[in-house]
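Each remark here refers to the structure printed beneath this line.
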Amino acid sequence: MIKIKKPEEIAQMRIAGRVTAEVLDIMREAVRPGITTGELDRLAEEHIRRNNGIPAFKNYRPGSDMTPFPGTICASVNDEVVHGIPDFSRVLEEGDIISVDVGAYVSGWCGDAACTYPVGEISPERKRLLEVTEDSLNRAIAQALAGNTLGDIGHAVEGYVVPLGYGVVRDYTGHGIGRKMHEAPQIPNFGKAGQGMTLKAGMTIAIEPMIMSGREDVRVGANGWTVLTVDGSDAAHFERTVAVLEDGPEILTKWQSFR
Ligand code: MG
């Protein structure tokens, strides 16, 4: 069931969204050659708890066959697409790209956001992947209008990145968000304009294109969590929590661009 949020509920989500976005702004400053993904995770958890929040990913367990997720952030490097496990032995190197995904509950409401950052100087190809993926998110958000459809959002991503030669992850999608991190509906990053469910004012959704420079196939790594590209190509992931309002979309996780 789709939960339509009242204005006072969206006001609560604005607070959760702000704390979540602030974590990414901290990441933007902290990401550099030599830092570990475990240290980034520690900084993220510290900020959320200092703001009376609860890390949404920590101990998250979507299925009984899965181990609880151990981190506050997902830290996915280079060919890792999403759900990378932060680790004090994983040292970032000059030229890497790292996708940081973070979620936080504040006063019982959830924010969810992700951004891919360059580690020091990166190749022009990696820089372009980051720019295209961030641009695809902004194009999708522009379609998050009452009366538009989920297909309009998916098409905004797919119709932009595929002609440029990039691949769209099909197995993972964005989602409704509110009192729970994952609510209905699913928000695919592909689709046909005008098709699918119609968006209504008061819906709150997490839009999160996951784009790769190579083939679209992904696999889950040996730890049971980390999703990687099958062909070893690079991947980027940008996400914002968005409220669909009468007068247009409002971004609830307003992190600063990596640019
Ligand atoms: Mg999400």
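Whatever order the structure lists ligands and atoms in, that order sets their numbers, starting from 1.
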| task | Answer yes or no: is there an ion pair linking Arg32 with Glu94, defined by an N-O contact shorter than 4.0 Å? | result | no
| Would you call Glu158-Arg170 a salt bridge at under 4.0 Å N-O? | yes
| request: Answer with yes or no after comparing the ring centroid distance for His83 and Tyr60 against a 6.0 Å cut-off, counting only values under it. | output: no
| said: Suppose the cut-off is 2.8 Å; which protein N/O/S atoms would you list for the Mg ion (ligand 1)? | reply: Asp112 OD2, His175 NE2, Glu208 OE2, Glu239 OE2
| note | Taken in chain and number order and not counting sequence neighbours, the residues that satisfy side chain to side chain donor-acceptor pair (under 3.5 Å) with Ser233 are Asp231
| query | With no hydrogens and no angle check, do the side chains of Thr116 and Ser99 hold a donor and an acceptor under 3.5 Å apart? | reply | yes
| said: Can you see whether Glu125 engages Ser213 through a side-chain donor-acceptor pair at a distance of less than 3.5 angstrom? | reply: no
